[in-house]
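Encoded as structure tokens, the structure appears first; notes follow it.
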There are 2 protein chains.
Amino acid sequence: MKFEAVTIKDIAKALGISTSTVSRALRDSYEISPETKQLVLECAEKLNYRPNPIALSLKEKRSRSIGVLVCEIANSFFSQVINGIESVAYDKGYNVIITQSNESFEREIMNLHSLSSRSVDGLLVSLSTETNDLSHLEMLHKKGLPIVLFDRVTDEIETHKVVVDNFKGAYEATEHLIQKGYKRIAAIANSEFLSITNERLAGYKEALNAYGIKYNKSYVKHCFYGGMVFSEIEDAVNKLFTLKQRPDAILATSDKLSSGCLKTLLRRGIAIPQEIALAGFSNSDLAELLNPSLTVVRQPAMEMGRAATELLLQLIENKRPVVQFEKRILTPELIIGHSTIL
Amino acid sequence: MKFEAVTIKDIAKALGISTSTVSRALRDSYEISPETKQLVLECAEKLNYRPNPIALSLKEKRSRSIGVLVCEIANSFFSQVINGIESVAYDKGYNVIITQSNESFEREIMNLHSLSSRSVDGLLVSLSTETNDLSHLEMLHKKGLPIVLFDRVTDEIETHKVVVDNFKGAYEATEHLIQKGYKRIAAIANSEFLSITNERLAGYKEALNAYGIKYNKSYVKHCFYGGMVFSEIEDAVNKLFTLKQRPDAILATSDKLSSGCLKTLLRRGIAIPQEIALAGFSNSDLAELLNPSLTVVRQPAMEMGRAATELLLQLIENKRPVVQFEKRILTPELIIGHSTIL
DNA sequence: ATGAAAGCGCTAACAA
DNA sequence: TTGTTAGCGCTTTCAT
């Protein structure tokens, strides 16, 4: 059951003029007499005319909507990014179409296809943890679809990128742990496919190195599904606990992994930070309210969403092809809680 | 810079046949010979043809997209609802366009207008805490736009609704507090315009009543902006603390209010539950990890999103006008933590 | 079994 | 200043 919308045709008929006159009057064209404009405007108002954006899209070959792909909407980091995206898009008159991969490569491909075939004007993408092959994105990119990558990016695609200084974030968190006297620092990370995994682990290793602590491979655990399966995190933590040289601290390198670690430790009744300290990347508003309050690397998530959207709209609205791409690097913030200090 | 998409025209030209034949072949019409079909399909495949959804929308007068209005995306409850919405919509081939009101009435109106004028096929709406006047929604509804309300609903609009049993949730939480020995139970709620406010406060009052505790008006504080401004919550808590008969427990009736209360209490260094107990509606995954673990009324948020979307799609895809509307009431769950028990 | 043509709502080049 | 017409990509009636 649909409601019949008023079209310029209706206005034209009502006024006994042509549709093009109506169209021009509505767009306030210089070639229409003030009287006619007045008439048309009044009539449009009276009939409650609303331009049909679909007809416009068909004509202009643009939909004024942008597609977003994140791994999970219900994740504090990503929901904050989306918040930023929505706010900028709204201001510029764009719609935001959101999809989630649930960290599945297959789903990522399907979403990307669906979005592009629904003719979004551009794409804002954060890769899934399973993603290793980028041909699907590469194809869309080559076709000329504007794409901006954020958070989980890749060097294989030349376009604007917005990330946080992951190296710095992990370095500072690790340094903090070291300075607080922890020596056997473990790390729990996503799959090795992800840029954030490698950058964060690099920061972690460099901090160890800077303080003369030997890097121990068995202290690093990967969660291939990014913690979408809770048992993955549990297993990782449990494995760390079976090591003869048990770690005295853990650095969790994502939101989901941080909360998963904390949950596992609390459920096992392990004292934090007495038995083991915990620091993690997290954007939850509740970090400071946790038990114990969590030492976190916090990312300017909303800012990331805003920046990515601005860059994308710039790309979309640029007449000439952009050749110079920008990688915007935002600064994370280390917030110290009681999970690393008594 | 746009990329030229392949159209049926291109296929027709390549094959030296008419566009209508191509169109029919692609839709597997019975009137096309198997050979032609084969040819067309192969050619479409080769040219990587993708139907233009916008052209289809224009023709069919439907966009296969639904609009969502929530007050805030970066809120665990709503992001979980959106998760549910996205999953059902994805399965059914619909796009989800998300907007947020930030609890502003004005923004709600603008979003709703924007969504409807962008010809979404239907709307999934949760009202802002400022919303008292429903004429904007009423208008769209009268025009025949399918609408399903969820969580924050109103009786003024006759359509499908999906809510949680707010009365029950608040009743049980209050009852739990009473059974644990608390006698002076305060409540912090959103604006009185909201259905959830009234239903939850009704459950709270009824529980007090059932246990012979007199309802004390000064124990109930409203946050008009739903806690979008943190100081609002702080003020509410502070006011409770200035009462001569200081409350010994607080029931916070929304996600944002729960975390805001906890934050205020922790920052003031107030012992929970010794000095004051705290229970609240919350859908955060971290509730059990808080300090202290929070007694919460948890809503089946994802389920709510799924149900609302199913009802909306049913409404959209129904040929004949629906006259019998359904109010689906989901059951909340009380999860007991240490914020109400030592 | 296939093609020609109209039409969805709108804009714009061209005519008048 | 205004009207006529074609066309955006696709479907569909009506011819053939």
Side-chain angles (χ1 to χ4, degrees), chain A residues 1-41 43-44 47-65 93 116-121 143, chain B residues 1-41 43-44 47-65 93 116-121 143:
Chain A
M1 56 157 307
K2 25 202 65 139
F3 57 103
E4 294 309 322
V6 178
T7 72
I8 49 170
K9 223 173 180 171
D10 297 318
I11 300 180
K13 207 177 295 170
L15 262 38
I17 58 180
S18 77
T19 58
S20 40
T21 304
V22 175
S23 170
R24 278 185 278 238
L26 290 170
R27 337 203 81 237
D28 200 24
S29 160
Y30 64 96
E31 28 181 18
I32 300 294
S33 74
E35 301 80 51
T36 313
K37 272 183 195 168
Q38 176 70 5
L39 236 54
V40 170
L41 257 25
C43 184
L47 298 181
N48 193 25
Y49 167 80
R50 301 269 170 249
N52 180 332
I54 294 189
L56 258 177
S57 294
L58 181 59
K59 184 124 249 285
E60 297 181 359
K61 293 175 185 291
R62 74 200 313 262
S63 59
R64 287 203 158 267
S65 65
S116 77
S117 84
R118 267 163 186 288
S119 42
V120 290
D121 294 339
K143 272 202 203 166
Chain B
M1 57 155 306
K2 24 205 64 140
F3 57 104
E4 295 308 322
V6 177
T7 71
I8 52 169
K9 220 173 182 173
D10 298 317
I11 300 179
K13 206 177 295 171
L15 260 40
I17 58 180
S18 77
T19 57
S20 36
T21 304
V22 176
S23 170
R24 278 185 278 238
L26 290 171
R27 338 205 79 238
D28 200 26
S29 158
Y30 65 97
E31 29 183 15
I32 299 293
S33 74
E35 302 81 49
T36 313
K37 272 184 195 169
Q38 176 71 5
L39 236 52
V40 170
L41 258 23
C43 185
L47 298 181
N48 192 26
Y49 167 79
R50 303 269 170 246
N52 179 331
I54 294 192
L56 259 176
S57 294
L58 182 58
K59 187 122 247 287
E60 296 180 359
K61 293 177 186 292
R62 71 198 316 259
S63 59
R64 286 203 159 267
S65 64
S116 77
S117 84
R118 267 164 185 289
S119 42
V120 290
D121 294 341
K143 271 203 205 165

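Two residues are said to be in side-chain contact when any heavy atoms from C-beta on lie closer than 4.5 Å; B/Cys43 and B/Leu47 meet this criterion. Two residues are said to be in side-chain contact when any heavy atoms from C-beta on lie closer than 4.5 Å; A/Val40 and A/Ile17 meet this criterion. Within the 4.5 Å cutoff, no side-chain heavy atoms of A/Leu15 are placed close to those of A/Val22.
The distance between atom CD of B/Glu60 and atom P of C/dG9, rounded to the nearest whole Å, is 14 Å. Whole-Å rounding puts the A/Tyr30 OH to C/dA12 P distance at 11 Å. To the nearest angstrom, P of D/dC8 lies 18 Å from CG of A/Asn52. Between the CG atom of A/Asp10 and the C1' atom of C/dC8 there is a distance of 13 Å, rounded to whole Å. Spacing between atom CD1 of B/Ile8 and atom P of D/dC8 amounts to 11 Å, rounded to whole angstrom units.
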**Request:** Evaluate side-chain contact (heavy atoms from CB on, under 4.5 Å) for B/Thr19 paired with B/Thr7, printing each intermediate quantity in order.
**Result:** CA-CA 9 Å; B/Thr19 57; B/Thr7 71; over 6 Å; no
**Item:** Evaluation steps, side-chain contact (heavy atoms from CB on, under 4.5 Å), between A/Asn48 and A/Val6
**Value:** CA-CA 7 Å; A/Asn48 193 25; A/Val6 178; 5.6 Å; no
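Of the side-chain N and O atoms in B/Tyr49, one or more sit less than 4.0 angstrom from OP1 or OP2 of D/dC10. Here A/Thr7 does not reach the OP1 or OP2 of C/dG9: none of its side-chain N or O atoms lies under 4.0 Å away. The phosphate of D/dT12 (OP1 or OP2) has no side-chain N or O of B/Ser23 nearer than 4.0 angstrom. For A/Lys37, no side-chain nitrogen or oxygen approaches OP1 or OP2 of D/dT1 to under 4.0 Å.
When distances are taken from the side chain of A/Thr36 to each of D/dT1, D/dG9, C/dT2, the shortest belongs to D/dT1. Considering only the side chain of A/Lys61, D/dC8 comes nearest among C/dT11, D/dC8, C/dC8. In the set C/dA4, D/dG9, D/dC10, the nucleotide with an atom closest to the side chain of B/Ser20 is C/dA4. When each of D/dG9, D/dC10, C/dC10 is scored by its nearest atom to the side-chain atoms of B/Leu56, the top-ranked nucleotide is D/dC10. Nearest nucleotide to the B/Thr21 side chain, out of C/dT2, D/dT1, D/dT12: C/dT2. With distances taken from any side-chain atom of A/Lys59 to the nucleotides D/dC8, C/dG3, D/dG9, the minimum falls on D/dC8.
Residue contacts for B/Arg24: at a heavy-atom cut-off of 4.0 Å it reaches a base atom on one of the strands shown. Here A/Ile54 lies out of heavy-atom contact (under 4.0 Å) with every strand.
Residue-to-nucleotide proximity on DNA chain C shows that, of A/Leu26 and A/Lys9, the 5′-proximal contact is made by A/Lys9.
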